[in-house]
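All remarks here apply to the structure that follows.
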Amino acid sequence: MKLKLSLILFSAGLLWLLALQPAQANGWVTGTACNVSGCRNYKLWVPTNYSGSTPVPLVMMLHGCTQNPDDFAAGTQMNTLADANTFLVVYPEQPSSANASNCWNWFEVAHQSRGAGEPAILALIVQQIGSSYRVNPKRVYVAGMSAGAAMTVIMGATYPDIFAAIGVHSGLEYKAGTDLTSGLAAQQLGGPDPNQQGGLAYLAMGKFERRMPTIVFHGTLDVTVQVVNGNQVLAQWAQTNDYADDGVDNQSVNDTPTQTTTGAVPNGYSYTTTFYDDARGRPLMQKWMVKDMRHAWSGGSSAGSYTDSKGPNASQIMWNFFRQFHR
């Protein structure tokens, strides 16, 4: 009788404890991350099949200027991919109080280093989500568009211990500008020598240095962020990865393609894809140049801004790239 009573009491207590645990709803969840650098709101998409029973990947998506999380999610359709492949997606929001055009401040020195400025807040968002959800810490990725892509490059350089791979759509190399004037000039003319900037990105990694798998998308008719920048992003990361590979600038990784292919979207744009392996023949980087596309997310939905459905599906291709890599 005592054993039976104990089991009843234990069961009742267990049910009471379970009742106290908040259910992790699927769909949108909002949050805010704050540190000494400031606060940023974010929207987290919890995929349909997420149960919390096993760790899942996390993709951080950084919107461009004049955009917001809802707009960027609608345009990229990344949430649909998240539902199909069971990964979390977080969309940090850059408020107009931080930048009048809602741009991430990638061009300011205060936001180009580890442990300070916007990079520190974005890293905190990942940590905060990881404390509430079952995130696989070895499979966290970041992708962005335009100013968000430039900040993505910074996150790859300053937090290689958090991000396993990066996706750079219509962006710029690390420290392409160090103030508004040089940032605007870089958008039109390109930034400094990518080999030099690659070395700076490697130094920014510090003791967390590691190769950073990188996929680049750019439209050849982009007049907002000229196509030279897409080439520089790839070249910069080739140099950074060359250093990170073995600590020496010895061409163990370079920007000479291992393979080049061409393709076309039915009733859409043609594109050229270049693949880059390391000295051991392991895939490391890709670059997708979309002919005749302007400043837009390739293959995106018209439900969001700065998208062009006539290009290859950047969201799907980025996810296919990301899923190959873990820290």
Should the heavy atoms of other residues, nucleotides or ligands under 6.0 Å from OH of Tyr269 be counted, would the total exceed 12? yes

Check whether the side chains of Asp83 and Thr80 place a donor and an acceptor atom closer than 3.5 Å, and report yes or no. no

Check: Tyr306 and Gln67 side chains under 4.5 Å, non-hydrogen atoms: yes

Please report the interatomic distance CG(Leu172) to CD(Gln232), rounded to the nearest 0.5 Å. 8.0 Å

For Cys65, is there any backbone N or O sitting under 3.5 Å from a side-chain donor or acceptor partner on Asn102? no

Atom pair CZ (Arg323) and CZ (Arg139), whose distance is rounded to the nearest 0.5 Å: 7.5 Å

If hydrophobic clusters are built from ILVMFWY residues whose side chains come within less than 4.5 Å, do Phe163 and Phe208 share one? no

What's the spacing between Leu44 CG and Leu58 CG if we round to 0.5 Å? 7.0 Å

With the side chain counted from C-beta on, respond yes when Thr54 and Arg134 share a heavy-atom pair under 4.5 Å apart, and no when they do not. no

Stepwise, does the side-chain contact (heavy atoms from CB on, under 4.5 Å) test hold for Leu122 with Leu62? CA-CA 10 Å; Leu122 294 173; Leu62 300 178; 4.0 Å; yes

Keeping Arg210 on the side-chain end and Pro160 on the backbone end, is there a donor-acceptor pair under 3.5 Å? yes

Which residue pairs satisfy the side-chain hydrogen bond (donor to acceptor under 3.5 Å, both in side chains) criterion with at least one member in residues 233-248, sequence neighbours excluded? Gln236-Thr240, Gln239-Asp249, Asp242-Ser252, Asp245-Ser252, Asp246-Asn250

Do the rings of Phe87 and Trp319 sit parallel, tilted or perpendicular, given the 30° and 60° boundaries? parallel

Using only atom types and a distance under 3.5 Å, with no angle test, would you say the side chain of Asp222 pairs donor to acceptor with the backbone of Met293? no

Is the ring pair His63/Phe72 parallel, tilted or perpendicular, if the boundaries are 30 and 60 degrees? perpendicular

Strictly by modelled atom types, are Gln316 and Asn320 linked by a side-chain donor-acceptor pair under 3.5 Å? yes

At what distance, to the nearest 0.5 angstrom, does CG of Leu81 lie from OG1 of Thr86? 11.5 Å

Begin with the C-alpha distance, continue with both residues' side-chain angles, and end with the deciding distance and a verdict on side-chain contact (heavy atoms from CB on, under 4.5 Å) for Gln127 and Ile162. CA-CA 9 Å; Gln127 295 163 3; Ile162 291 181; 4.1 Å; yes

Just by distance, no angles: are the side chains of Glu209 and Tyr202 close enough, under 3.5 Å, to form a donor-acceptor pair? yes

Sidechain-backbone polar pair: Ser132 side chain, Ile129 backbone, donor-acceptor under 3.5 Å: no

Side chains of Asp71 and Tyr91: do they bring a donor and an acceptor to under 3.5 Å? no

Partner of Lys287 under side chain to side chain donor-acceptor pair (under 3.5 Å), chosen from Thr260, Thr273, Thr272, Asn231: Asn231

Shortest non-hydrogen contact between Val225 and Gly171, atoms and distance: CG1-O, 3.6 Å

Going by distance alone, is a donor N or O of one side chain under 3.5 Å from an acceptor N or O of the other, for Gln286 and Thr274? no

Trp45 and its side chain to side chain contact (heavy atoms under 4.5 Å, CB included) partner, picked from Val29, Val90, Val89: Val89

State yes or no: do Leu200 and Ile154 share one hydrophobic cluster built from I, L, V, M, F, W and Y residues joined by side-chain heavy-atom distances below 4.5 Å, directly or via other members? yes

Assigning hydrophobic clusters by single linkage (Ile, Leu, Val, Met, Phe, Trp, Tyr; side-chain heavy-atom cutoff under 4.5 Å), is Val142 placed with Leu234? yes

Tell me, please, which residues at least two apart from Asp278 pass salt bridge (Lys or Arg N to Asp or Glu O under 4.0 Å). Arg211, Arg282

According to salt bridge (Lys or Arg N to Asp or Glu O under 4.0 Å), does anything in residues 112-126 pair up with another residue at least two apart or in another chain? List the pairs. Arg40-Glu118, Arg114-Asp161

Side chain to side chain, Met61 and Pro69, heavy atoms closer than 4.5 Å: no

Verify whether the ring centers belonging to Tyr50 and Tyr133 lie closer than 6.0 Å. yes

Is the shortest heavy-atom distance from the side chain of Thr262 to the side chain of Ser270 under 4.5 Å? no

Which heavy atom of Asp255 sits nearest a heavy atom of Ala235, and at what distance? OD2-CB, 3.6 Å

Assigning hydrophobic clusters by single linkage (Ile, Leu, Val, Met, Phe, Trp, Tyr; side-chain heavy-atom cutoff under 4.5 Å), is Val126 placed with Val59? no

Shortest non-hydrogen contact from Ile317 toward Pro312: CD1-CB, 3.9 Å

Is Ser101 reaching over with its side chain to a backbone N or O of Cys103, donor-acceptor style, under 3.5 angstrom? no

N/O donor-acceptor pair under 3.5 Å between Gln112 side chain and Trp106 backbone: yes

When you look at Thr178 and Phe107, which way does the side-chain contact (heavy atoms from CB on, under 4.5 Å) test go after all the steps? CA-CA 5 Å; Thr178 52; Phe107 49 84; over 6 Å; no

Nearest-0.5 Å distance, CE of residue Met318 to OG of residue Ser298: 9.0 Å

Looking at CG of Leu124 and OH of Tyr42, how far apart are the two atoms once the value is rounded to the nearest 0.5 Å? 8.5 Å

State plainly whether one hydrophobic cluster holds both Phe217 and Met155, where clusters connect Ile, Leu, Val, Met, Phe, Trp and Tyr through side-chain heavy atoms under 4.5 angstrom apart. no

Between His326 (side chain only) and Pro137 (backbone N and O only), is there a donor and an acceptor less than 3.5 Å apart? no

For the side chain of Tyr141 and the backbone of Phe325, is there at least one donor-acceptor N/O pair under 3.5 Å apart? yes

Leu284 side chain near Asp277 side chain, heavy-atom distance below 4.5 Å: no

Is any side-chain heavy atom of Met60 less than 4.5 Å from a side-chain heavy atom of Pro92? yes

Taking the side chain as every heavy atom from C-beta outward, state whether Met285 and Val253 have any atom pair closer than 4.5 Å. yes

Between Ala204 and Tyr174, what is the shortest heavy-atom contact and its length? CB-OH, 3.5 Å

Should Asp70 and Trp28 be marked as a side-chain contact (heavy atoms from CB on, under 4.5 Å) after you check the CA-CA gap, both sets of side-chain angles, and the distance that decides it? CA-CA 10 Å; Asp70 291 308; Trp28 284 120; 4.3 Å; yes

Determine whether a donor-acceptor pair (N or O, by modelled atom type, separation under 3.5 Å) exists between the side chain of Ser146 and the backbone of Gly148. no

Asn41 versus Thr32, side-chain donor and acceptor atoms under 3.5 Å: yes

Quick one: closest heavy-atom pair of His111 and Pro119, and the distance? O-CG, 3.4 Å

Between Met205 and Met212, is there a side-chain heavy-atom distance shorter than 4.5 Å? yes

Asp179 side chain vs Ser182 backbone, donor-acceptor pair below 3.5 Å: yes

Does the side chain of Lys43 pick up a donor-acceptor pair with the side chain of Asn68 at under 3.5 Å? no

Taking all non-hydrogen atoms of both residues into account, name the closest pair between Val216 and Thr214 and its distance. CG2-CG2, 4.0 Å

Side-chain donor-acceptor pair under 3.5 Å between Ser315 and Trp297, yes or no? yes

